Every structure is written in C-alpha cells, then in structure tokens.
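Worksheet: the structure to be examined is printed underneath.
What you are looking at is a predicted structure, and each value in this text was computed from that prediction instead of being measured. Only this structure's heavy atoms are used, side chains among them; waters, hydrogens and symmetry mates stay out.
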Number of protein chains: 2
Amino acid sequence: MTTSVLAETLRKHSKLSESKIAKVVAAYKPFPTKHNQVLVRKGDIAKYLYFVEKGYLRVFVTDASGNQFTRFLIEQGMEGTAFPSFISQNVSSASVQCVGKAEVLRISYDELQKLYRAVPEFERPYRKIIELAYVASIYRIESLISMNARERYIQLLREKPKWVQQLPANVIAEYLGITKETLSRLKSAK
Amino acid sequence: MTTSVLAETLRKHSKLSESKIAKVVAAYKPFPTKHNQVLVRKGDIAKYLYFVEKGYLRVFVTDASGNQFTRFLIEQGMEGTAFPSFISQNVSSASVQCVGKAEVLRISYDELQKLYRAVPEFERPYRKIIELAYVASIYRIESLISMNARERYIQLLREKPKWVQQLPANVIAEYLGITKETLSRLKSAK
DNA sequence: CTTAGCTGTTGATAAATGTCAAAAAAATCA
DNA sequence: TGATTTTTTTGACATTTATCAACAGCTAAG
C-alpha cells in the first residue's frame, strides 16, 4: 500500500480504489526544494500544481513599492499553485514560494489532463477541491470586508492556531492584510 | 429559437446544441420579484440558484451591530446565490436580495442535479463557471489585502464602470468594504 | 403633486492602521 | 559556537478610515 500524505488524503476524501490511488500518486513527482525556494515566479506561467507533503507554501503578490501580500497559504495535505495562471496557462501575477523548508510533490498541467483521462473518477475530487477552495475564498472575502485587523487575527487564532504558531509573523501579517508592526501590537495587547 | 439572456449566455459560453439549450432554459423558471425583495434570508438554506435576466442581485452579510457587507454583486447574464449554503445545503450565513427591480430565473438544487443527468454536457460549463467565480474571488482578495480604499474604488471604476453608474452608492461602498461617507469623499476628491 | 422615507453629502472628531527608525531577539550557517 | 542575517518588537508620528450628527436631494407611493 502506497504511503504518503497524498495517498492518505485521497483515501480520506475520495472513494478511489488502491490501484487508482497508486496511479494518481505515481503521477505526482517529488520535487526537492531549498529553504524559501520560489516555485513560481511572477511573470512565469504556472506549469505545475503542487501538493504539500510537509510545511507550507505561500502564494503572494507584490505591489509597486515592493510590499508583499500573501494571497493564500497552502498547508500539509493541500494542493495549490498560482491558480488563475494554472487554469488559463497565462502568465502569473503572483509568485509561489516555500515558507522555510517544505516537502512538495508536483504534477504538470499536461500530466494532470492525462490523469483525468486515465482516471476519470479523479475529476470529481478535483471539482470538490475547487468548490471548497472557492468557499474558503468567499469566507476570506467576508472577513476582509466585514472585520477589522484585531477581529481577523482572533478569528485566525481560533480557526488556524497552527498557522499562527508555525509560520513567521510577517507571513501571517501579510495573510491578514496588515503590517507586521500592527500584528506585533495586536499580539502584545492580548 | 429560444430568446432570453440565459439562452444567449449559454450560446456564448458553451457549445450546447439548440435543443439542449432549450432543455436547460426550460429548467430555469421565471421568478417574479418585488423591489429589493430578499431571495435568501440568513438562516435559510439556499435552495435555488438564481440567474439574472435584468438588474442586479447582492449577496450580503450582517454584523452584530447590523452593518451590512456586500460579499458579491451578480449582474445580468450571471448566476449566483449564497453559494456555500447552496453547495452544502446547510444554513446560510449570508442573504441574497434584489437591488431595486430585478428579473430573475431560478432553478432548485434538486432540479439542477437532474439537469446534470439529463444534459451531461452541462457539467462542463458549470465547472467553468465555478472556476471563473473562484478566479474572480482570488482577485477580489488580492485587492482587499493589497490596496487602500481609493485604489480599490479606482480599480472598480475602471473594471466595472456600469456598476458604479447603476448601483446605489451604499451598495458600492459595502462591496468595496468601506463606509458610504468614505466613498462619497473619494468621489468628490476626484 | 406632495410627503415620508431613503440616499447621499459634508463637517468635526475619534479610532485604526501605516510608516519610518532603531533596538532587541531569534534563526541560520560557516 | 560565533558571527551574520533575518525577524520581531517598540516608539513617535502621519495617514487613512470610521463614527456621529446634521442637512440636502431624490424618489416612490399615496
């Protein structure tokens, strides 16, 4: 039986047989990364979808003054990339980077299309993933338009305590849409 | 040949035959609405997906003090509802309301599932719709975390000038995540 | 056509958050 | 380990945005 976070995740979220799981897992290739390695650079086309076996990836954009803003954090057991670029195969406005050390698998756009043909039942979990990612983004929009910095921080602390523990404060701040100084003050105030 | 905004939209975004288009269109029922009518109330389960033939719908949430925040605006030719509730068939944290007068069609969750079985090629445009909605929400998150109120307003003016012209200022303000006073000042300042 | 209620504007002020600079603390790697 | 770099905290101050209140304009329905 295949053992990997990817295999575990497929068992948990789909009803694929062990042989189909093995096929899917075989299509994702381990991709060795260095500390903070950039996987997709702004201006590139996102050719790969990344599955996180260990650690975190961040998807971020940069403004004219060089400030960085974290669009998404991808944790162990999740997959992602610069999504708009990946589905359209156009250049990406965002970059994707490992947060510190991370272990990832990757599958190319073309290989993924082949996989859909080889394992048609894999389409359903894929669509579910997109739906869930969409729902998550709806709630993120909701908190960004309706809550202030403190409320958003408290919500993150409640819903993703591990992120706050494990990720550098500046990454958390970028994700919340505030500066690292403001986050630091929120922490010390309570 | 069926004539409706829905039929037009299907012709434009899919390769369905006229007979399939007729089937899809037949499954969506006209739903008469009053001025500012609420279609989904917070606490309800979103049982219907709404297609906008004319006007706009807004999806909004309310905070403890009764302030409203517009999560999404749905314009002519688009469809939507309280999406997280619709796909999970759980109670909704958001409400859906007509902005002024609107003409809508609707299809129930169950009828939609039947439609997928009756017209399997309809699944693909549905998935595309979700993917596009997801991409749109990614860009919305991006502007909320990386831009200030003025920048977001200018971007909206550039990308959706009609919304700014046609929708009440307080709805635009809620969509931008700012107060109506701040929006009013942004307008007069330039 | 008129009035009651929304909708939008403006002013004064307060609160939240950002910016810049510097010091302190922590993490990395040679 | 020690040196170097990166991250985090703190302070002073500036800017942005919200809040509250008053008023003006508009609009929909009688």
Problem set entry | Atom pair distance, as rounded to whole Å: CD in Gln68(A) and C1' in dT6(D) | 14 Å
Exercise. Between Thr179(B) and dT17(D), is there a side-chain N or O to OP1/OP2 distance below 4.0 Å?
Worked result: no
For this session: Report yes or no: is the cationic atom of Arg150(B) (NZ for Lys, CZ for Arg) closer than 6.0 Å to the six-membered ring centre of Tyr153(B), at no more than 45° off its axis?
Result: no
For this session: Report which part of the nucleic acid His35(A) touches: base, sugar-phosphate, or nothing (heavy-atom distance under 4.0 Å, all strands).
Result: sugar-phosphate
For this session: Could you please name the option among dT17(C), dT9(C), dT19(C) that lies closest to any side-chain atom of Ser184(B)?
Result: dT9(C)
Seminar exercise, completed: When every non-hydrogen atom of Ala149(A) is compared with those of Ile178(A), the smallest separation belongs to CB-CG2, 3.7 Å
For this session: Specify the separation, in whole Å, of atom NZ of Lys187(A) and atom P of dT7(D).
Result: 13 Å
Problem set entry | Terminal axes of the helix from dC1(C)-dG30(D) to dA30(C)-dT1(D) (five pairs each): angle between them, nearest 10 degrees | 60°
For this session: List the steps and the verdict of ring-ring contact (aromatic ring centres under 6.0 Å, His included) for Tyr48(A) and Tyr109(A).
Result: CA-CA 6 Å; Tyr48(A) 296 92; Tyr109(A) 183 81; over 10 Å; no
Seminar exercise, completed: Closest to the 5' end of DNA chain D, once Lys101(B) and Leu167(A) are matched to their nearest nucleotides, is Leu167(A)
For this session: Look at the side chain of Arg185(A) and decide which nucleotide, out of dT10(C), dG8(C), dG11(D), has an atom nearest to it.
Result: dG11(D)
Exercise. At under 4.0 Å between heavy atoms, what does Gly100(B) touch on the DNA or RNA strands: base, sugar-phosphate, or nothing?
Worked result: nothing
Exercise. Among dA16(C), dG8(C), dT10(C), which nucleotide sits nearest the side chain of Ser188(B)?
Worked result: dT10(C)
Exercise. Whole Å only: how far is the CD atom of Glu181(B) from the P atom of dC23(D)?
Worked result: 16 Å
Exercise. Would Arg106(B) count as a cation-pi partner of Phe31(B), with NZ or CZ less than 6.0 Å from the six-membered ring centre and within 45° of the ring normal?
Worked result: yes
Exercise. Taking the side chain of Ala169(B) as heavy atoms from C-beta outward, which of dA16(C), dT19(D), dG8(C) is closest to it?
Worked result: dG8(C)
Problem set entry | Candidate nucleotides dC20(D), dA18(D), dG18(C), ranked by approach to the side chain of Thr182(B) - the nearest | dA18(D)
Exercise. Just how far is it from atom CD of Glu181(A) to atom CG of Leu186(A), taken to the nearest 0.5 Å?
Worked result: 11.5 Å
Exercise. Ion pair present between Arg11(B) and Glu8(B), side-chain N to carboxylate O less than 4.0 angstrom?
Worked result: yes
Exercise. Roughly, in whole Å, what's the span from CZ in Phe69(B) to C1' in dT17(D)?
Worked result: 13 Å
For this session: Using atom CD of Glu174(A) as one end and atom P of dT6(D) as the other, report the distance to the nearest whole Å.
Result: 16 Å
For this session: Measure from the ring center of Tyr134(B) to the ring center of Phe83(A) and say whether it is less than 6.0 Å.
Result: yes
Exercise. Atom CD of Gln37(B) and atom C1' of dA28(D): how far apart are they, to the nearest Å?
Worked result: 17 Å
Exercise. On DNA chain C, nearest-nucleotide positions of Ile178(A) versus Asn36(B): which is more 5'?
Worked result: Asn36(B)
For this session: May I have the distance from Met147(A) (atom CE) to dA16(C) (atom P), rounded to whole angstrom?
Result: 15 Å
For this session: May I ask you to decide whether Lys160(B) forms a salt bridge with Glu75(B), counting only side-chain N to carboxylate O separations under 4.0 Å?
Result: yes
Exercise. Of all the nucleotides listed (dT7(D), dC20(D), dT17(C)), which has the minimum atom distance to the side chain of Asn170(A)?
Worked result: dT7(D)
For this session: May I have the distance from Lys180(B) (atom NZ) to dT17(D) (atom C1'), rounded to whole angstrom?
Result: 14 Å
